[in-house]
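First comes the structure, then the notes that go with it.
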Amino acid sequence: MRATIPYIKQKFDEFNSLCFAGRLPPIAVELSNAKTFLGMCVFKKRRTIFGKTENYDFRLRISTRFDLPEAEVEDTIIHEMIHYCIALDNIPDTSAHGRVFRGMMDNINRNFNRSVTISRRIPPEQREQAYGKRGRYHVIAVVTFTDGRTGFKVLPRIRERILNYYNKVGAVKGVESVSLYMSNAAFFERYPNSGALSVHYADRPTLMEHLRDADVLSAILPKQ
C-alpha cells in the first residue's frame with residue numbers, strides 16, 4: 001500500500017494513544033516521493049532567552065514511492081514517532097538511533113507486538129522499481145572520531161582531492177580513522193560532491209547499512 005495523509009493521521013492518533021499514552025501533540029504530515037527513506041521526522045532548532053536549545057516546527061514525512069505491506073507502513077510511522085517523542089522532549093541520546101531510541105523501540109515491539117527496526121532493507125525488485133536505474137558511483141569517506149561519533153563525506157572522483165581529504169582529515173586531532181568506499185547507493189545522491197574538510201554526522205549502523213554493497217577503496221592510498 002501507499003499511505004495517504006488521512007491514513008497517516010489516523011495511525012498517528014491510534015499509535016499515540018496505544019504506545020505513547022496520548023502525550024504527543026498533533027504533527028504536520030507530508031507525503032514524499034523520496035527513494036532514499038521511508039519516513040522522516042524533521043524539525044527546526046532555536047535558542048531560548050535562557051540559553052537553552054529547543055526543537056519546534058515538527059513534520060512527519062512518509063515516502064509513497066514504495067508499495068509496502070500495511071504493517072511495514074505502520075512500523076515506519078511508529079519509528080518516526082519515536083524520533084518525534086525524543087526530539088519533543090529534547091532527550092539526549094548517544095546517536096540518531098542510540099540507547100534511548102533503541103530502548104523505546106524494544107519496549108514498543110515487546111509490549112505491542114510490533115516489528116519496528118532501525119533500518120529496513122528494500123527488496124531488490126522494489127529498489128529497481130523505485131530508482132529506475134542504479135545510482136552513480138561516489139567515493140565515500142567514512143570518518144571515525146575518538147569520541148565515538150561517525151561522519152561521512154561524498155568526495156569528487158579526483159585522486160588528488162581524495163588524497164588531500166584523506167590525509168588532512170586523518171591528521172585532525174580527535175579523528176581515529178578515515179576509510180574510503182566506492183558506492184552507488186542512492187542514499188548518497190542527496191549529498192553534494194565536495195572536497196571541503198567537513199563531514200555529515202550519521203548513525204554508524206545506519207550508514208554502514210547503506211555501504212553494505214560498497215567496495216573498499218584502498219588502491220589509491222599511499223602504501224604504509
Side-chain angles (χ1 to χ4, degrees), residues 1-123 126 148-150 187 190 200-210:
M1 69 167 292
R2 288 181 169 87
T4 63
I5 288 180
Y7 174 87
I8 296 167
K9 288 183 175 180
Q10 174 193 337
K11 288 299 176 179
F12 177 92
D13 291 341
E14 177 183 328
F15 296 132
N16 188 21
S17 175
L18 180 67
C19 306
F20 298 89
R23 65 188 188 86
L24 298 181
I27 187 173
V29 175
E30 301 172 345
L31 299 182
S32 169
N33 193 39
K35 57 189 177 183
T36 54
F37 66 85
L38 297 181
M40 185 178 293
C41 177
V42 297
F43 53 90
K44 298 176 182 177
K45 292 178 177 285
R46 63 187 170 200
R47 191 169 293 278
T48 70
I49 60 173
F50 303 106
K52 295 184 178 180
T53 300
E54 67 176 7
N55 304 323
Y56 72 105
D57 193 17
F58 293 92
R59 297 178 181 275
L60 174 59
R61 290 179 185 157
I62 299 295
S63 175
T64 57
R65 195 175 185 97
F66 298 96
D67 186 3
L68 301 174
E70 184 173 11
E72 295 196 37
V73 176
E74 291 178 338
D75 286 341
T76 297
I77 294 171
I78 295 172
H79 177 117
E80 301 311 323
M81 290 176 72
I82 297 173
H83 281 304
Y84 180 33
C85 183
I86 292 172
L88 185 68
D89 292 340
N90 218 355
I91 302 172
D93 203 353
T94 53
S95 65
H97 297 106
R99 293 192 187 98
V100 175
F101 183 96
R102 290 170 187 262
M104 293 178 67
M105 179 186 73
D106 291 343
N107 261 343
I108 289 172
N109 286 341
R110 181 172 57 253
N111 294 329
F112 303 103
N113 195 30
R114 302 305 312 186
S115 299
V116 183
T117 59
I118 297 301
S119 63
R120 174 182 176 272
R121 290 191 178 187
I122 306 296
Q126 285 187 343
R149 293 178 300 165
T150 299
F187 171 81
R190 71 176 89 170
H200 306 285
Y201 291 102
D203 176 59
R204 186 174 184 85
T206 303
L207 174 61
M208 299 314 294
E209 171 70 12
H210 290 298

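- Pairs of residues two or more places apart, or lying in two chains, never qualify as salt bridge (Lys or Arg N to Asp or Glu O under 4.0 Å) while including a residue from residues 96-105.
- Legend: residues meeting side chain to side chain donor-acceptor pair (under 3.5 Å) with Ser32, ordered by chain and number and at least two apart, are absent.
- Applying the salt bridge (Lys or Arg N to Asp or Glu O under 4.0 Å) criterion to Arg61, with sequence neighbours excluded, gives Glu30.
- The backbone N or O of Lys45 sits nowhere less than 3.5 Å from a side-chain atom of Asn55 that would complete a donor-acceptor pair.
- Annotation: side chain to side chain donor-acceptor pair (under 3.5 Å) contacts of Arg149 (sequence neighbours excluded): Asp147, Tyr201.
- For Asn33, the CG atom counts as densely surrounded, since its 6.0 Å shell holds more than 12 non-hydrogen atoms of other residues, nucleotides or ligands.
- Partners of Asn111 according to the side-chain contact (heavy atoms from CB on, under 4.5 Å) rule, which considers only residues two or more places apart in sequence or in another chain, are Asn107.
- Under the ring pair (Phe, Tyr, Trp, His ring centres under 6.0 Å) criterion, no residue pair touches residues 10-32, with sequence neighbours excluded.
- Among residue pairs with one or both ends in residues 15-24, those qualifying as side chain to side chain donor-acceptor pair (under 3.5 Å) are Arg23-Asp89; sequence neighbours excluded.
- When all heavy atoms of Tyr7 and Glu74 are compared, the pair lying nearest together is OH-CG, 3.6 Å.
- Nearest approach of Val29 to Ile5, heavy atoms of both residues: O-CD1, 3.9 Å.
- Between His79 and Phe101, the ring centre distance stays below 6.0 Å.
- Lys52 pairs by the salt bridge (Lys or Arg N to Asp or Glu O under 4.0 Å) definition with nothing, not counting sequence neighbours.
- Applying the ring-ring contact (aromatic ring centres under 6.0 Å, His included) test to Phe112 and every residue at least two apart in sequence or in another chain returns nothing.
- When all heavy atoms are compared, the tightest approach of Gly98 to Thr94 is CA-OG1, 3.2 Å.
- One finds the CD1 atom of Ile27 at 10.0 Å from the CZ atom of Phe43 (value rounded to the nearest 0.5 Å).
- Contacts of Arg46 classified as salt bridge (Lys or Arg N to Asp or Glu O under 4.0 Å), with partners at least two apart in sequence or in another chain: Glu54.
- For His210, the side chain to side chain donor-acceptor pair (under 3.5 Å) test picks out no residue, with sequence neighbours left out.
- Residues meeting the side chain to side chain donor-acceptor pair (under 3.5 Å) test with Asp13, sequence neighbours left out: none.
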